[in-house]
Amino acid sequence: MKVATNEVDDGDLIASIARRDKEAFDHFYHLYEKRIFHFIRKKLNDPFDAADILHEVFMEVWKNAGRFEGRSKVSTWVFGIAFHKTVDRLRKKIPIPIDDDYAQQLVDKAPSALEILNAADESDHLHQCVGKLKSDQKIVIQLAFFEDMAYGEIATVIDRPEGTVKTRIFYAKQALKHCLAKLIGAKR
């Protein structure tokens, strides 16, 4: 398959990969490599483990492209693979507590993403505050605001109910608002 930059959509690439098209796989790898590596690296904070998992993710794509059913975006599927492989690696190191089943009852009164971003005069404030979040909150914030995924897509990636995603984002936004207020207040 001759692949011209940005002329082939992700679904066509996955179909070609399912037929064992190495050129399509190479193109797909270059489209997703940096985003997936960054995603894994943020969760693990270990570039060597992140590189190992990145390799595992793309091997999974190569082996299972034919099983992709198109019920989600290709990016959601790939990020889901990355998320699960990362969580598996983390579970081998430390247990990850998972809660937030009461999410449906919460009303999101937190500021919007734009308000949070505007509140931070410098991007390092935001990154510093995101770095202080719990790992389950950090991952949903990264997917929602840096990967521009909808709550439903995030729920698919992390294999949790959409309500749990909403709860985690609610609390993460509250924590970010508090952290940013402290940082900005300290600068004045």
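The figures here come from the full heavy-atom set of this structure, side chains too, leaving out hydrogens, waters and symmetry mates.
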Can you see whether T86 engages R89 through a side-chain donor-acceptor pair at a distance of less than 3.5 angstrom?
no

From K34 NZ over to Y29 OH, what is the distance, rounded to the nearest 0.5 angstrom?
10.5 Å

Please examine the side chains of I154 and I139, heavy atoms only from C-beta on, and report whether any two atoms are closer than 4.5 Å.
no

Using a 6.0 Å cut-off, check whether atom NZ of K73 has over 12 heavy atoms from anything other than its own residue.
no

Nearest 0.5 angstrom please: Q137 CD to F170 CZ, how far?
11.0 Å

In Å and rounded to the nearest 0.5 Å, what is the CG to OG1 distance from L143 to T156?
11.0 Å

Who pairs with R20 by salt bridge (charged side-chain N to carboxylate O under 4.0 Å, His left out), at least two apart in sequence or on another chain?
none

Between F39 and Q142 the two heavy atoms that sit nearest each other are CA-NE2, 3.2 Å

Partner residues of H55 under the side chain to side chain contact (heavy atoms under 4.5 Å, CB included) criterion, sequence neighbours left out:
M59

Going by heavy atoms in the side chains, are Y32 and V61 under 4.5 Å from each other?
no

For F83, all residues meeting ring pair (Phe, Tyr, Trp, His ring centres under 6.0 Å), sequence neighbours excluded:
none

d(H178 NE2, K132 NZ) to nearest 0.5 Å is 9.0 Å

Indicate whether the side chain of H84 and that of D88 have a donor and an acceptor atom separated by less than 3.5 Å.
no

So CH2 of W62 and CG of D21: to nearest 0.5 Å the spacing works out to 7.5 Å

T76: what forms a side-chain hydrogen bond (donor to acceptor under 3.5 Å, both in side chains) with it, not counting sequence neighbours?
E153

Would you say the side chain of Y171 lies within less than 4.5 Å of the side chain of L133, judging by non-hydrogen atoms?
no

Could you go through residues 63-71 and list every donor-acceptor pair under 3.5 Å that involves a side-chain atom there, pairing it with any protein atom two or more places apart or in another chain?
{"unit_1": "N64", "atom_1": "OD1", "unit_2": "R67", "atom_2": "NH1", "d": "3.0"}
{"unit_1": "N64", "atom_1": "ND2", "unit_2": "E60", "atom_2": "O", "d": "3.4"}
{"unit_1": "N64", "atom_1": "ND2", "unit_2": "E60", "atom_2": "OE2", "d": "2.8"}
{"unit_1": "E69", "atom_1": "OE1", "unit_2": "R71", "atom_2": "NE", "d": "2.8"}
{"unit_1": "E69", "atom_1": "OE1", "unit_2": "R71", "atom_2": "NH2", "d": "2.9"}

Here the gap from R35 atom CZ to E147 atom CD, rounded to the nearest 0.5 Å, amounts to 4.5 Å

Name the one of E162, K166, R160 that satisfies side-chain contact (heavy atoms from CB on, under 4.5 Å) with T164?
R160

Please examine the side chains of L13 and L31, heavy atoms only from C-beta on, and report whether any two atoms are closer than 4.5 Å.
yes

Smallest heavy-atom separation, A144 atom then I169 atom, equals CB-CD1, 3.9 Å

Quick check: do I158 and R168 have side-chain heavy atoms less than 4.5 Å from each other?
yes

Which heavy atom of M149 sits nearest to which heavy atom of S75, and what is that distance?
CE-O, 4.2 Å

Check A82 against I36 and note the closest heavy-atom contact, atom names and distance.
CB-CG2, 3.9 Å

I need the minimum non-hydrogen distance between A172 and I141, along with the two atoms involved.
CB-CG1, 3.4 Å

Ring pair (Phe, Tyr, Trp, His ring centres under 6.0 Å) filter on F37, not counting sequence neighbours, yields none

